[in-house]
Structure formats: structure tokens, C-alpha cells
Amino acid sequence: MANNVRVRFAPSPTGPLHIGGVRTALFNYLFAKKHNGTFILRIEDTDQNRYVEGAEQYIIDALNWCGIPFDGGIDKNEKLGPYRQSERKHLYKKYADMLIENGNAYYAFDTAEALDAHRADHEAKGKTFIYNWHNRLKLSNSLSLSAEEVQAKLEAGDDYVIRFKSPQDETLHLTDIIRGDIKIDTNILDDKVLFKSDGMPTYHLANIVDDHLMEISHVIRGEEWLPSLALHYQLYDAFGWEKPQFAHLPLILKPTGKGKLSKRDGDKLGFPVFPLKWTDPVTQEVSRGYKEDGYFPEAMLNFLAFLGWNPGTEQEIFNLEELIDAFELERVNKSGARFDPEKIKWFNHHYMQEQNDDALAELFKSQYSELAEIDVNYIALIVGLIKERATFVSDFWELSSYFFEAPKTYDEKASKKAFKENTASLMTDLKNILVHIDEFTVEALQKDIKSWITDKNIGFGNVMMPLRLALVGALQGPDVFDIMFMIGKAETVKRIETLVLSL
Ligand code: GLU
């Protein structure tokens, strides 16, 4: 592929970025980087009614957290910016006028009430009202009115929109990298509004003009934009511009596989559908995010990469570099991708093992006041021992609290199994051995305790089970010798004494 790949992620700041949007951004990023191209973030904020405070910053924060930086975008005016559409609004009118001049668009003056009446009228007759060649000559526009009438209306400042004039009886041939060839009968298309009386372009016009001016080579976006493709093709032709290539990514489906994933599915089943936590500026309603729920960005990216794409091999673990290397749009599926919240946990568990213990320890310490006074190096050693069993940092305390404080209770079922008549005397003997070990290392502990058990023919279970209960409170955790070493001699002896007293 030529070296001028330029792609864009073009969200509208109408609320928090949905996880599906993050997947679109990721696929654009992977494709750009694979082809040494440019990845642009374009903010499509021409619809003032849907603008939501904080949404743009959220999008930027989410991409930053994921680690998929844009080359051009907000506050990064790579050569063809600015990349916020509201800063480009002076640009679009000229293009709408161009289409009027070359006969591909027209002024329409119909009021909302008049259009509603037409819709109702059609419905009453069992028909659907479409604003196109079927009836545009019966409506109020520059095709049905005389040039003088149009001029008078414009001069009087009447409200108008500019509509695209879609052709009659034509078949459009569209091409999509993922979906192949698509044929569309123009008779089903309506004359979409391109420009509104508030002086702002609609999504369609601004999107096409910007993709052209920003020299976008590939448009990679969600399947929900596929119905707009026919109009976009026609707009390129109407301007006489070369088209980019298109790739429409499959929908992300509910965990059941039926229907599109929504925020409600997340709420119902207890998983986030947003990368970061979001507080609605109006209702103050809080939506949880993957970051705050304890997911690692690497896990999320690896998981999202597999929503609709696969490498064609058995390999599932891919870091970002490997994804860039393996990614191909031709390997993206047409059919919807089922969202499996358990699978992202599986990835998180995997990436947990790859995290640096010191960084995890800092995080763990910052989340638990019980750890405030404890040396972070000690915490890091413990994290190294237990993280194999953890999916989230929030699992750490339950897996490791006995390293920081003595157990408060002994598991009932385990106690029944472990405590016998001679347990108290065995534990007292063990304590006396420990007191006399000078070098309290794992090796010394193993050697002395094991030879005592073998010499006296005591049986390992009779010592190890109660000992573990004394230290942990349950029959779980890493090797007891490691635990004793970590908590030290004094604490080990104290916990054995406490157990003996309780028997
Ligand atoms: N602003 C549109 C959105 O919110 C962009 C669609 C496109 O990529 O063309 O998704």
C-alpha cells in the first residue's frame, strides 16, 4: 500500500465514548500504524443541540489511557487541521453552494409543520413519505419554485435547508473492504439535508468535506454508518472528488449474542460499557469505567481487537506492537461480534502477571488504608507471591491480608479437619524449634521443620495444616515457609501461640 495512509476517528462529543467507539479508534490506529500512516482524531461537533459538556475531554482522556495516541487532533494541529469541526464552520457553506450551482443540491423552504402534515397524510394512506423525486416538485423548494420566488425567500431571510438531489432510477455500486460490493437502488434514498438554516452543515456534508480536505485515504467506522454510504458516494461524485476506501466494522452484540450491546446490558449484568468513569453533567448519574474497575489498558485493547477481528491463528495474547503487525482489515468479519465480559477478565488476569510488582504494590497501597504504614518494598514481594491468583488489584487484600495482620478467625471446616488431640502439643514443640532458629530463612525453616517431622514420625499433615491455619486462618495461600519468612519470626511465633490458646 502506498505510504500515504491517513485515517481518522471522528466521534461526536454527545456523551461518554462507548466501548464500541474505542474499538473503532483502535482499528483505525492499528491500520494507520501498520502502514506507517497518520491517525487523526476529528471532533464532529456541528450539532450544537447534542453537545455535551466534558465529552470531548473524555474522548481524549480515554484514548490516552488506552495508549493509542493520535498524530493529529485537538491541540495537535498536524498539517491539515484544525480538527474540531466547530472551528471549521466557515468552510462548509461554500461547498453546499458548489452543489447548488452544479445542480446536485437545492434550497428547501418547507416548514417542520408542513413536513409533518405530509407525513401524516401519507401514513393515513398507508404510505411512507420520502422527500425525494417522488414528490419534491410538489414541495416548497428551488426545484418547484421559480427563480424569482426563491430569490425573494432568500432575501426575506426565510428559513431554509440545503438538500441533496438524489437521482431517480439509478443503481449505485458501492464497495466496502469488509463487505465487498453492495448495490443500492437510488429510488429508496431521500434527499438528505446537507446544510441547516442555523448556518451549520449536517454530519454528512461536514464529514465528506473534511475527509476530502484532510486527505483521508480510508474511512473505518461502525456498521451503523453503512446506510449513509450511498449518500457519501454520491457526494464525492457530485464534487468530482476521489473517494477514500471504506470499511464498516461489525456491530458489537450483547453477551447473549442477540441485539446491539447497550449501557443497560452492562448495568444489568454488572460490567462497564465505557473505558472511563463518567458523571453526566446534567443528571449527575455516574457510569462506571474499565479503568476504575481495575482493568489494565493492555487487557482492554487485546480484548477489543478480537471483537470482529481475528489473526487466523490460535494466538490470543497480542501486545500493541504485535496487533499492529498482525492487523488486516481483510480479516475483519461482517457478522456482529458478541461481547463477553468474562473474556476481558481472562485477559486482565493474563496482563496482571506481566505488570511490574513495584507498580502494583503502589496501587495496592494507595487503595488500602491498612497498608499506609507498610514498606512498599515488602508489599511488592507479597504481590509477587499472590498475583497469580488475582484478576484485579482489588483481589489483593483478600488474597494477602494475613501477610499484614494475624487471622481473626480460623476457617471452621478446615479446623475440624486440621485440629486433633495432639495439635496443641505439636504446635508448642514447633514454636520451640522456631524460637531457636537463628537465621530465619526459607531454607533453614524447611530443613529444621522437615527433619523434625521425619525424625519424630509425626506426619506432615498433622503439622502443616494447623500451622497454615495459625498463619492464614484458612487452608490457602502460597507455601507456608514463604509466609513464615515474610512475616518474620516474632509474628510467626505469636500466631502459633494464639492458635494454641484457642484450642
Ligand atoms: N461523527 C460520527 C460518529 O459519531 C462519525 C461517523 C464516521 O466515522 O463517519 O460516529
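Note that this is a predicted model, so its numbers are computed, not measured. Note that ligands are numbered from 1 as they come in the structure, with each ligand's atoms numbered from 1 the same way.
- Side-chain atoms of Gln355 do not come within 3.5 Å of backbone N or O of Met352 as any donor-acceptor pair.
- Applying the 4.0 Å criterion to heavy atoms of Asn207 picks out, from ligand 1, the atoms 7 (C), 9 (O).
- Of the possible polar contacts, none joining the Thr175 side chain to the Asp181 backbone as a donor-acceptor pair under 3.5 Å is found.
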*Decide ring-ring contact (aromatic ring centres under 6.0 Å, His included) for Phe27 and Phe327; before the verdict, give the C-alpha distance in whole Å, the side-chain angles of both, and the deciding distance to 0.1 Å.*
CA-CA 8 Å; Phe27 283 21; Phe327 187 75; 5.0 Å; yes
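- Annotation: cation-pi geometry satisfied between Lys76 and Phe70 (NZ/CZ under 6.0 angstrom from ring centroid, within 45° of ring axis).
- Not less than 6.0 angstrom separates the ring centroid of Tyr351 from the ring centroid of Tyr295.
- Looking only at protein heavy atoms, the nearest one to atom 3 (C) of ligand 1 is Trp225 CZ2, 3.3 Å.
- For ligand 1, the atoms closer than 4.0 angstrom to any heavy atom of Glu44 are 1 (N), 2 (C), 5 (C).
- When atom types are taken as modelled, the side chain of Gln284 and the backbone of Pro281 share a donor-acceptor pair closer than 3.5 angstrom.
- For Arg8, the closest heavy-atom approach to ligand 1 falls below 4.0 Å.
- Distances between N or O atoms of Ala10 and those of ligand 1 include at least one value under 3.5 Å.
- When heavy-atom distances to ligand 1 are checked against a 4.0 Å cut-off, Tyr203 comes that close only through its side chain, counted from C-beta outward.
- Contact annotation: for Thr24 versus ligand 1, there are no heavy atoms closer than 4.0 Å.
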